[in-house]
Colleague: 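Below is the structure I would like to discuss, written out as structure tokens.
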Amino acid sequence: MRRAGLGEGGPGNYVASGYSVYEEENEHLQEGLRAKVNALKSLSIDIGTEVKYQNKMLDEMDSDFDSTGGLLGATIGRVKQLSRGSQTKLLCYMLLFCFFVFFVLYWFIKLR
């Protein structure tokens, strides 16, 4: 008498059939794991690319800030040299002009 799922033969084929089911399930799970690993790999590559780009941008900003710091240092040195001399009246006019410019910019931005 033949039973459903037992195949031909007897109990030996039933064991082989069960083994085949486990193999198929393992292969299915293996394919799912492979897909997840590939997704993680592509994600990590994208993250690495983004990190390299961000580091490049930070290096460029660092050099820009260094050059700006040098320019500001030279300007402050000139202002100090002006303040040492007898040109305090000129320094006061310059500070008043700076306050006026900042006030106008503040007013212009606030109205916007």
Colleague: Can you see which heavy atom on Ala39 is nearest to which on Ser42, and at what distance?
Modeller: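 Closest heavy-atom pair between Ala39 and Ser42: O-OG, 2.9 Å.
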Colleague: Taking ILVMFWY side chains as joined if any heavy atoms are under 4.5 angstrom apart, and letting links pass through other members, which residues group with Leu105?
Modeller: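 Leu105 shares its hydrophobic cluster with Phe97, Val101.
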Colleague: Hey, could you give me the NZ/CZ distance between Lys110 and Phe103, rounded to the nearest 0.5 Å?
Modeller: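 CZ of Phe103 is found 10.5 Å from NZ of Lys110.
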Colleague: According to side-chain contact (heavy atoms from CB on, under 4.5 Å), who are the partners of Met57, at least two apart in sequence or on a separate chain?
Modeller: Tyr53, Glu60
Colleague: In the hydrophobic cluster built from side-chain contacts under 4.5 Å, what are the other members alongside Trp107?
Modeller: Leu111
Colleague: Not counting sequence neighbours, list each pair that qualifies as a salt bridge (charged side-chain N to carboxylate O under 4.0 Å, His left out) and has a residue in residues 32-59.
Modeller: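 Every pair satisfying salt bridge (charged side-chain N to carboxylate O under 4.0 Å, His left out) with a residue in residues 32-59: Glu31-Arg34.
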Colleague: Just verifying a value: how many Å separate Asn26 CG and Leu33 CG, rounded to the nearest 0.5 Å?
Modeller: 11.5 Å
Colleague: Calculate, to the nearest 0.5 Å, the distance between atoms CD and CD belonging to Glu25 and Glu23 respectively.
Modeller: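 Answer for the CD-CD pair, Glu25 versus Glu23, is 10.5 Å.
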Colleague: Kindly give the cluster partners of Met61, where membership spreads through any ILVMFWY side chain lying under 4.5 Å from a current member.
Modeller: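 Its cluster mates, by chain and number, are Phe65.
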Colleague: Could you give all pairs that pass the side-chain hydrogen bond (donor to acceptor under 3.5 Å, both in side chains) test and reach residues 61-72, with sequence neighbours left out?
Modeller: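 Residue pairs with at least one partner in residues 61-72: there are none.
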Colleague: Kindly write out the residues that satisfy side-chain contact (heavy atoms from CB on, under 4.5 Å) with Leu43, not counting sequence neighbours, or none if the list is empty.
Modeller: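 By the side-chain contact (heavy atoms from CB on, under 4.5 Å) rule, Leu43 matches Ile47.
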Colleague: If the condition is side-chain contact (heavy atoms from CB on, under 4.5 Å), which residues does Val104 pass it with, not counting sequence neighbours?
Modeller: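 Listed in chain order: Phe100.
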